[in-house]
Structures are given as C-alpha cells and as structure tokens.
K.L.:
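Before I ask anything, let me first share the structure, which is written out below as structure tokens.
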Amino acid sequence: MYCLHLVVIFAPMKDKINNILVLTSGGDAPGMNAAIRAVTRTALYHQKKVFGAYRGYEGMIEDDIIELNTQSVKNILAQGGTFLKSARSQQFRTTEGRVKAASNLKKRNIDAIVVIGGDGSFTGALKLSEEYGIKVMGVPGTIDNDLYGTDYTIGYDTATNTVIESVDKIRDTASSHNRLFFVEVMGRDTGYIAASTGLATGALSIILPERKSTLKDLFNDLRKAQEKRKTSNIVMVAEGNHLGGIYEIAEAVKKEFPSIDVKVTNLGHTQRGGSPSTNDRVLASILGYRAVIGLLEGKANVMSGMINQKVVYTPLSEAVSKTTDLDKEMLTIARILAT
Ligand code: F6P
C-alpha cells in the first residue's frame with residue numbers, strides 16, 4: 001500500500017498556466033479514470049478550467065474536446081478503462097495533425113496538457129511542446145511498468161493481480177491433469193509483468209525479453225522438474241521474448257517431451273481491464289493531483305512518478321529514453337523457490 005506523507009498546502013503557487021487539458025493515450029490501463037478524476041478535481045480546486053480530449057490526440061486534432069466539471073468525473077474511480085477513451089494517433093505524428101491540435105488548444109486558451117499514458121504518448125506531447133510551447137505533464141499510465149522515473153505505473157498492479165488470479169485457476173487444472181501450461185502475458189518488449197507474476201505463481205520458468213534464454217535452458221528446467229516429480233508446471237512467457245511465439249515454444253517442448261501434456265493460454269487483453277486495485281487508485285490519485293500541482297508550480301515537460309513513496313518529477317525525455325533494470329534478485333528467488 002502506498003503511504004505518502006502529503007504536504008497539504010503547496011505555497012506559494014507560481015500559477016504560470018491558464019487552462020489545462022487532460023487526455024489518455026496509448027493502451028488503456030486500470031486506474032486511468034482515477035487519474036483523470038484527480039487531475040480534474042485538483043485543477044478545479046485551484047480555479048483552473050479543465051478540458052478533456054476524447055481518444056487522446058485524435059480528439060485534440062478533431063476538436064472532440066469537452067469542458068470537465070466536478071460532476072463529469074463522478075463515480076469513475078472504480079471503473080476500468082478510460083471514460084475519455086484512448087487511441088494511438090497516426091495523425092498526430094504528422095505536422096498537419098499537430099497544427100490542428102495546437103489551434104484547437106489555442107482557441108480555448110489551453111497552454112498546459114496532462115498526458116496519461118506511456119512512452120509513445122509522452123514522445124508525442126514533447127513534440128507539441130517543442131513546436132508550440134505547450135507545457136506538458138506526464139502521468140505514467142500503462143500496465144507494462146516500463147517507464148523510467150517511477151517505481152510503478154498506473155495499471156500494473158491491477159494487471160498483475162488479474163494475471164495471478166487466472167494463473168491460480170490454470171494451476172488447478174494443471175495439477176488435476178498433470179499438465180504443463182505456457183501462459184503468455186503482456187508487457188510489450190519488457191518483462192515486468194512476467195517476472196513478478198512468475199514469482200507470485202511459482203512458475204517453473206520465466207521467459208523474458210531482457211534475457212537471452214534458449215530452448216535448451218527451458219528443456220533443462222523441465223528435466224529437473226521431472227527428476228523432482230513435479231506434476232504440474234507453469235511457464236510464464238512475456239510476449240516480447242526472444243525465443244518466439246508461445247505456440248512455437250510449446251510445439252518445441254512437445255517434440256522434445258512427447259509424454260508431457262502441454263497446453264497454452266494467452267491472457268491477452270484481460271490484463272488491461274477490470275476495476276483498479278487499491279494501489280492503482282491511490283497511485284493514480286496522488287500522481288494526478290501532483291501533476292496539476294507541478295504545473296501550477298511552473299514545472300513542465302516532466303512526468304510525475306513515485307519513487308520510494310515520494311513523488312518525483314522526471315524529465316519526459318528521460319522517462320521515455322532510459323530504462324529501469326528488472327530486479328535480478330527477484331528472478332533468482334523465483335528460480336530457487338520454484339525448483
Ligand atoms: O502497452 C500496453 C499493451 O497492452 C502492451 O502490453 C501490448 O503489447 C500492447 O499494449 C497491445 O496493444 P493493443 O491494445 O493495440 O493490442
């Protein structure tokens with residue numbers, strides 16, 4: 001549970017901004033609604049007008065923008081997804097798209113935007129800042145947990161809870177039928193979800209993008225499991241791994257171990273849905289709040305993140321270009337405890 005000692009009054013405010021726009025962009029993540037609510041209500045509390053763009057940058061370009069009031073964000077704290085909807089905008093990558101977006105902001109006197117999303121979303125926002133001087137505040141919203149400048153991204157906790165709930169169920173069948181299950185989880189080209197849920201579900205092996213594991217390594221793990229008479233096994237596979245697709249890996253194992261009953265489950269987009277966990281609601285509320293406070297204090301082109309239970313503002317350029325290494329000890333622990 002996050003426990004942050006908030007300083008209630010941030011004074012003196014530099015108050016360098018006019019109106020604020022909030023949007024969600026990229027893959028949706030549980031807790032995005034809680035972040036929109038926090039941004040909206042904090043801005044209103046500080047007498048700022050706040051607008052929301054539908055479908056991320058698409059709405060900014062197409063002028064699909066609404067003014068938000070305190071009622072607009074009622075009863076959304078517990079809802080998964082994002083009521084502002086999300087998109088990965090191709091138009092925004094073009095100069096013409098950004099010209100339209102900037103003009104729609106200008107006519108509403110919006111000079112600051114809060115972007116809730118991942119690295120692609122922040123890169124787009126930086127372009128708008130370079131070209132039109134719009135102040136950008138990022139809020140890390142992605143299940144992948146792949147942003148530098150925060151220990152956790154909004155949505156990651158809920159996604160991992162969804163994974164372990166499913167894998168625990170899969171384990172029942174694996175155990176009843178003496179089966180080996182390959183479970184594929186998301187994470188794009190990172191393995192945070194796979195590593196933590198692999199540890200949390202006692203996976204025999206975890207196949208990650210960050211490690212160049214081979215089929216031989218996997219076969220060795222399976223042989224050891226057979227020697228120890230382990231009858232049910234889970235192998236957690238991160239989607240961006242180097243070994244290949246989950247079906248390919250499963251086929252290779254079937255060939256090498258014809259006696260093992262091998263099954264495959266891809267958890268897919270179930271990981272992105274559902275009501276956000278307590279941790280995600282708290283994180284989203286704090287980071288959304290501090291995103292607005294940061295803008296009012298004159299901060300721009302940074303991401304509000306949480307490191308060691310303290311809010312930290314990291315330049316967006318670093319948040320998108322740097323990486324945090326996976327915890328190697330966690331992987332060692334997972335390996336030792338599963339064998
Ligand atoms: O970034 C979030 C994420 O869910 C990744 O884990 C995954 O690779 C990707 O988005 C899937 O995107 P889409 O929703 O477009 O299929």
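Here the structure is a predicted model, which is why all the values come from computation and not from measurement. Counting convention: from 1, in listed order, for ligands and their atoms alike.
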K.L.:
Donor-acceptor pairs under 3.5 angstrom involving side-chain atoms of residues 172-179: please list them, not counting sequence neighbours.
P.N.:
| from | atom 1 | to | atom 2 | distance (Å) |
| --- | --- | --- | --- | --- |
| S176 | OG | D172 | O | 2.8 |
| R179 | NE | D261 | OD2 | 2.8 |

K.L.:
What protein heavy atom sits nearest atom 2 (C) of ligand 1, and how far away is it?
P.N.:
D144 OD2, 3.3 Å
K.L.:
Within less than 4.0 angstrom of ligand 1, does R88 place any heavy atom?
P.N.:
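Per 4.0 Å heavy-atom rule, R88 contacts ligand 1.
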K.L.:
Checking a contact table here: which protein heavy atom is nearest atom 16 (O) of ligand 1, and how many Å away?
P.N.:
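Ranked first by proximity to atom 16 (O) of ligand 1 is H269 NE2, 3.0 Å.
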K.L.:
Mind checking whether G187 has an N or O less than 3.5 Å away from an N or O of ligand 1?
P.N.:
yes
K.L.:
Are any of the side-chain heavy atoms of N145 and Y152 separated by less than 4.5 Å?
P.N.:
yes
K.L.:
Run the ring-ring contact (aromatic ring centres under 6.0 Å, His included) test on F182 and Y247 for me, step by step, so that the C-alpha distance in whole Å, both residues' side-chain angles and the decisive distance to 0.1 Å come before the verdict.
P.N.:
CA-CA 9 Å; F182 285 90; Y247 288 97; 9.8 Å; no
K.L.:
Would you say T162 and R272 are linked by a side-chain donor-acceptor pair, where the criterion is simply a distance under 3.5 Å?
P.N.:
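No, no side-chain donor-acceptor pair sits under 3.5 Å.
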K.L.:
Which ligand 1 atoms does E239 reach within 4.0 Å, using its non-hydrogen atoms?
P.N.:
5 (C), 6 (O), 7 (C), 8 (O)
K.L.:
Are T160 and Y156 side-chain neighbours, meaning at least one heavy-atom pair lies under 4.5 Å?
P.N.:
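In short, these two side chains touch, coming nearer than 4.5 Å.
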K.L.:
In terms of residue, atom name and distance, what is the protein heavy atom nearest to atom 4 (O) of ligand 1?
P.N.:
R272 NH1, 2.7 Å
